[in-house]
Amino acid sequence: MSLLPYSLARPFLFGLDPETAHELTLQSLARLQGTPLQWAYCNAMVHDPIELAGLQFPNRVGLAAGLDKNARCIDGLAGLGFGFIEVGTVTPKGQPGNPKPRMFRLPQAEALINRLGFNNDGLEAFIANVKRSTFRQRGRILGLNIGKNASTPIENATGDYLVGLEGVYPYADYVTVNISSPNTANLRSLQSDEALDGLLGAIAQRRQALAREHGRRVPVFVKIAPDLDEAQVGLIAATLKRHAMDGVIATNTTISRDAVRGLPHGQEAGGLSGAPVLEASNRVIGQLRAALGKAFPIIGVGGVMSAQDAVSKIRAGADVVQIYTGLIYRGPQLVADAARAIKRLRTVA
Ligand SMILES: Cc1cc2nc3c(=O)[nH]c(=O)nc-3n(C[C@H](O)[C@H](O)[C@H](O)COP(=O)(O)O)c2cc1C
């Protein structure tokens with residue numbers, strides 16, 4: 001149990017503009033990480049090991065991509081009890097993202113809308129930060145999430161992903177190919193049949209060369225959207241298998257506004273996350289599990305706001321789960337609660 005209850009910090013953070021609160025939290029974590037003061041917010045890590053895609057995960061709850069886009073706070077975030085952490089999305093070149101304001105809280109719905117647009121410092125700075133972290137040496141799993149620059153035409157997207165793959169490969173336990181952010185124009189079109197086939201074919205080929213060069217085959221996961229029908233999910237599943245991808249992360253944020261219509265900020269453009277995305281995300285997970293069979297790794301993400309929500313993802317077919325928005329609304333205690341509830345499932349089963 002951490003020394004600082006989140007119930008005290010939350011009103012202060014929610015009094016700030018969401019992006020300022022985010023920055024302040026990350027800055028504090030970055031400053032405290034590696035110092036004795038880190039114990040003030042640390043949670044013990046629940047031990048519930050699982051092997052997935054050839055990797056040993058110490059427990060089944062991870063941090064979703066996008067909270068630490070520049071990989072500045074990996075060691076600080078580790079203190080919250082995550083078994084695995086995914087950082088990024090990183091693009092080859094640094095870019096500012098969309099104009100502010102671009103992140104909104106919808107507290108009545110326990111949700112966020114963001115249209116950050118892959119604001120990040122670029123691959124070089126990202127890798128320098130990853131290299132400084134000691135997280136991997138301590139037996140935890142680090143995922144590095146790659147995307148394309150906004151200025152790169154969508155026809156040339158593959159080039160950006162290959163630059164990203166090559167850059168992060170030596171430092172990753174797994175690499176995530178993010179093709180599902182709604183905030184980079186046309187990015188989600190990469191999920192459609194021919195485009196996905198071309199992209200994953202190129203990634204698989206480059207990965208083979210990198211595996212030879214580095215003497216290590218790094219698993220590649222593909223992150224998809226919740227806004228897909230069953231036929232689209234089926235096509236994606238077949239393409240993932242055809243190119244021997246190692247796992248799928250389901251899901252990113254949704255562009256649907258059904259659950260938040262009429263709420264303040266409900267019509268802001270961008271991706272909606274948190275409670276309203278749970279159902280759609282679990283539906284996609286279930287469809288993926290049916291299409292991919294029992295053994296294919298599925299990382300479930302979207303709307304985990306409680307331990308029961310985390311359990312619902314495992315029941316829908318996920319092997320492990322990730323959290324982002326739940327951390328903002330419920331605080332770090334959610335990580336341990338979710339990990340414990342999932343562990344209990346195994347002992348009951
Ligand atoms: C502010 C914000 C920024 C995000 N940035 C990224 C990103 O850069 N890359 C990515 O793959 N997902 C990103 N996501 C999506 C999350 O990783 C996650 O898939 C989604 O929010 C659903 O999970 P949640 O309901 O637990 O937040 C972002 C989400 C939020 C709220």
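Both counts, for ligands and for their atoms, begin at 1 and track the order of listing.
Atom numbering of ligand 1 starts at 1 in the shown order; those under 4.0 Å from a heavy atom of Asn145 are 10 (C), 11 (O). When each atom of ligand 1 is checked for a heavy atom of Leu116 under 4.0 Å away, the hits are 1 (C), 3 (C). The distance from ligand 1 to the heavy atoms of Thr253 drops below 4.0 Å at these ligand atoms: 20 (C), 21 (O). Those atoms of ligand 1 with a heavy atom of Asn178 less than 4.0 angstrom away are 9 (N), 10 (C), 11 (O). The ligand atoms of ligand 1 that sit less than 4.0 angstrom from a heavy atom of Lys223 are 10 (C), 11 (O), 12 (N), 15 (C), 16 (C), 17 (O), 18 (C), 19 (O).
Residue His22 does not touch ligand 1, judged by heavy-atom distances below 4.0 Å. Both the backbone and the side chain of Asn252 come within 4.0 Å of ligand 1, judged by heavy-atom distances. With a 4.0 Å heavy-atom cut-off, ligand 1 is reached by no atom of Ile249.
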Hey, mind stepping through Phe82 and Phe57 against ring pair (Phe, Tyr, Trp, His ring centres under 6.0 Å) and telling me if it holds?
CA-CA 10 Å; Phe82 293 110; Phe57 286 69; over 10 Å; no
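Nearest non-hydrogen protein atom to atom 8 (O) of ligand 1 is Lys69 NZ, 2.8 Å. Nearest non-hydrogen protein atom to atom 4 (C) of ligand 1 is Gly66 CA, 3.7 Å. Distance from atom 21 (O) of ligand 1 to its nearest protein heavy atom, with residue and atom name: Ser273 CB, 3.3 Å. For atom 22 (C) of ligand 1, the nearest protein heavy atom (residue, atom name, distance) is Gly302 CA, 3.6 Å.
Across the listed options Phe104, Phe118, Tyr324, Tyr324 owns the non-hydrogen atom lying nearest to atom 26 (O) of ligand 1. Among Thr325, Ile328, Leu278, Asn114, the residue whose heavy atom sits closest to atom 2 (C) of ligand 1 is Asn114. Closest heavy-atom approach to atom 18 (C) of ligand 1 within the set Val301, Ile299, Val321: this belongs to Val301.
To the nearest 0.5 Å, the span separating CG on Leu288 from CD1 on Ile249 amounts to 11.5 Å. One finds the CD1 atom of Ile328 at 5.5 Å from the CG atom of Leu67 (value rounded to the nearest 0.5 Å).
Remark: distances from the non-hydrogen atoms of Thr251 to ligand 1 include one below 4.0 Å. Using a 4.0 angstrom heavy-atom cutoff, Gly303 counts as in contact with ligand 1.
Looking at Arg115, Arg102, Arg257 one by one, the single match for salt bridge (charged side-chain N to carboxylate O under 4.0 Å, His left out) with Glu268 turns out to be Arg115.
For ligand 1, one of its N or O atoms has an N or O atom of Ala65 under 3.5 Å away. In terms of N/O distances under 3.5 Å, ligand 1 is approached by Gly274. Annotation: Gln322 places no N or O atom under 3.5 Å from an N or O atom of ligand 1; distance criterion only. Of the polar atoms of Thr89, at least one N or O is found under 3.5 Å from an N or O of ligand 1, judged by distance alone.
Salt bridge Glu23/Arg72: present, at least one basic N to carboxylate O contact under 4.0 Å. A salt bridge links Arg207 to Asp246: one of the charged nitrogens lies within less than 4.0 Å of a carboxylate oxygen. Contact check on Asp160 versus Lys93 returns no salt bridge, with no Lys/Arg side-chain nitrogen under 4.0 Å from an Asp/Glu carboxylate oxygen. No salt bridge links Asp319 with Lys313; every basic N to acidic carboxylate O contact stays at or beyond 4.0 Å. Between Arg136 and Asp173 there is a salt bridge, since a side-chain N of the basic residue sits under 4.0 Å from a carboxylate O of the acidic one. A salt bridge does not link Arg283 to Glu230: none of the charged side-chain nitrogens sits closer than 4.0 Å to a carboxylate oxygen.
A side-chain donor from one of Ser180 and Asn252 sits under 3.5 Å from a side-chain acceptor of the other. No side-chain N or O of Thr152 forms a donor-acceptor pair with one of Asn149 less than 3.5 Å apart.
The aromatic ring centroids of Phe126 and Tyr171 lie 6.0 Å or more from each other.
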